[in-house]
**Q** 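Just dropping this structure here.
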Amino acid sequence: MSQLLAGTGATGHMAHEESVRLLRANPVEEPPFTLAWVRDTIGYYSNIFSRFPRNCRTADVFFLNDFDFEVPEDGTKVRLGSFHSVIDVLTSHVSAEFIDNEVPPPGPRGRARAEKISKFLDGMHHMIEQNTPIRRTIAQQIGMYDTTFVKMEFDSSQWGEFPDVPDEGEDDSEYKDQVKEELKRRNVNFPIIAEVINPQELLWDTSSRTPRWVIRGAEMEAADVHAMYPEWKNPILHGTVKFVEVWTSTHAAYIADGRWAMAPRRHGYHMNPMVQFEGLQGLKTVGGKPENRWRGIGHGLWDMLRAESQLMSHYLTLVGKSTWPTEDFRGPPALTARTMAEYSSAPGAKNYMPPSVTKEVAQVAEAPTTIQTAYEMLGSAIEADTISKVAKGQRPTGVSTGYQSAVLTGVASLKFGPVKEGMQRGLQKLNELGLHIVENVMRDSITVWGKSEGGLFDARLTPREINGHYISIVKINTVSPEEAER
């Protein structure tokens, strides 16, 4: 991120004053920001976030089984997927198929209105999961990094616009047909899209309770920038350029190669569409360092995970040498070489050994039990710091009753608490954003379809029915399949 606007000459003092004005302003009345402020903010916050992306990259390495460790020369190297298994189990437990969206009534007579909003939110999440699935990725990244962001916005290409009204006296039959077609299209299409954004791509405001601004950086083809943003004035036509998008509670802007691709303009969402999800598994230290504040479930276990794979590799190396020991042939060089070439180790093979040639099998020590003991100790330590084997569907060691296993499973599920609670809080913010989009951006009724535990349903919501009521309570029910059947 620090190189995205390199060489543009930031003016630090002016940008600092602008940051003060931005943070002082009402979230729905923020002033537009300048290019100088974006440059200075990227330079300053890149230093603050210098270690956090490093933690994320380490988690990526262990999730993808690309980590390294030392083994003897010609030894077996096996990378165990323990961390991948932990994240996979956590994701499966937390990203339930159905979520409960409860909307408290806005008043004594608002129960029916609250039920309509609640049903709409159920359908909204179902359609987002159908079009742009996000919940599994959210759970995965909260588990790995302790935080992630979801960008939810209105996709005007899925909604369309009504044709211009004909002048008085002109034939309006074509206009009416076009309006009917557009209404049919709007009854089917769902114009709200969502995208999970890896926090390694982002810088965000850490001084506020919720981020007032979020900056995303990436590489983009110059031709695509010209096609999507005609106002971008740059002679570059080929290759990639550094592309930055900036979102605040009121404004959005795009920057390509240090120049405005889209100058700041109001987006109309009444809140930042970059919604943060966080599991709060880290420690909010003095100064609020990001690398301490956001720590995934595997943070601090990397050495143990390396040692676990190293012990398994040593064990398999010794087992391999014991299973296929070295065979030494002794005798006259020419005769010994011919005997070795003709010798077969296949089961039931018949070999002729000249009297002057002898064969000896090297003595190899069996794998010591200390390796197994150390491996089991490491596994228990990793299990204690992450997720119990019971939660993975494995039987507990020793004699246990069904009730005891159920209790252990329930206790093990408490490990998912931070991720589950973080998802619930973030989904509530997405609900608020979705209602803002319908009321303040679309300003038209919308129909959603969905599937709940009770079956299929459809719901229609109008901006008038929302009328500023954005409160919802999200509950994720994480139960086993057999319990769900009951």
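Here the structure is a predicted model, which is why all the values come from computation and not from measurement.
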**Q** Which label fits Phe243 and Tyr254: parallel for a plane angle under 30°, tilted from 30 to 60°, or perpendicular past 60°?
**A** parallel
**Q** Working to the nearest 0.5 angstrom, can you tell me the gap between His126 NE2 and Ile99 CD1?
**A** 12.0 Å
**Q** Determine yes or no for a side-chain-to-main-chain donor-acceptor pair under 3.5 angstrom, with Ser472 supplying the side chain and Glu102 the backbone.
**A** no
**Q** Check whether the side chains of Thr147 and Glu278 place a donor and an acceptor atom closer than 3.5 Å, and report yes or no.
**A** no
**Q** Quick one: do Lys151 and Glu153 make a salt bridge, cutoff under 4.0 Å?
**A** yes
**Q** Are side-chain N/O atoms of Asp146 and His299 paired as donor and acceptor at under 3.5 Å?
**A** no
**Q** May I ask you to decide if Ser309's main-chain N or O and Arg79's side chain share a donor-acceptor pair within less than 3.5 Å?
**A** no
**Q** Between Asn467 and Arg464, is any side-chain donor less than 3.5 angstrom from a side-chain acceptor?
**A** no
**Q** Just by distance, no angles: are the side chains of Asp224 and Tyr229 close enough, under 3.5 Å, to form a donor-acceptor pair?
**A** no
**Q** Any side-chain donor paired with an acceptor under 3.5 Å for Gln276 and Thr210?
**A** no
**Q** Within a reach of under 6.0 Å around CD of Glu70, are more than 12 heavy atoms found that belong to other residues, nucleotides or ligands?
**A** no
**Q** Taking atom CZ of Arg443 as the centre, report whether more than 12 heavy atoms of other residues, nucleotides or ligands fall under 6.0 Å from it.
**A** no
**Q** So Trp294 and Phe52, would you call those rings parallel, tilted or perpendicular, with 30° and 60° as cut-offs?
**A** perpendicular
**Q** With a 4.0 Å cut-off on N to O distance, would you call Glu245 and Arg216 a salt bridge?
**A** yes
**Q** Does Ile48 CD1 have over 12 foreign heavy atoms under 6.0 Å away?
**A** yes
**Q** So is Lys77 actually on top of Phe69's ring, under 6.0 Å and inside 45° of the axis?
**A** yes
**Q** Whether the side chain of Thr137 engages the backbone of Pro133 through a donor-acceptor N/O pair (distance < 3.5 Å, no angle test) should be reported.
**A** no
**Q** Using a 6.0 Å cut-off, check whether atom CZ of Arg266 has over 12 heavy atoms from anything other than its own residue.
**A** yes
**Q** Testing the basics here: between Ser95 and Arg136, what is the closest heavy-atom pair and its distance to 0.1 Å?
**A** OG-CG, 3.5 Å
**Q** Pair His93, Phe416 - check ring pair (Phe, Tyr, Trp, His ring centres under 6.0 Å), show working.
**A** CA-CA 8 Å; His93 274 263; Phe416 311 136; 4.6 Å; yes
**Q** Describe, in one word, how the ring planes of Trp204 and Phe149 are oriented to each other, choosing from parallel (under 30°), tilted (30 to 60°) and perpendicular (over 60°).
**A** tilted
**Q** Give the C-alpha distance, both sets of side-chain angles, the deciding distance and a yes or no for ring pair (Phe, Tyr, Trp, His ring centres under 6.0 Å) between Phe190 and Trp449.
**A** CA-CA 10 Å; Phe190 183 70; Trp449 290 267; 9.3 Å; no
**Q** Flag yes if more than 12 heavy atoms outside Tyr44 fall under 6.0 Å of its OH atom; otherwise flag no.
**A** no
**Q** Could you tell me whether a side-chain N or O of His267 sits under 3.5 Å from a main-chain N or O of Thr248, the two making a donor and an acceptor?
**A** yes
**Q** Decide, yes or no, whether a salt bridge links Asp60 with Arg57 under the criterion of side-chain N to carboxylate O below 4.0 Å.
**A** no
**Q** Look only at the side chain of Glu465 and the backbone of Thr462, and say whether a donor-acceptor pair between them is shorter than 3.5 Å.
**A** yes
**Q** Checking Gln140 against Asp88: is there a side-chain donor and acceptor pair closer than 3.5 Å?
**A** no
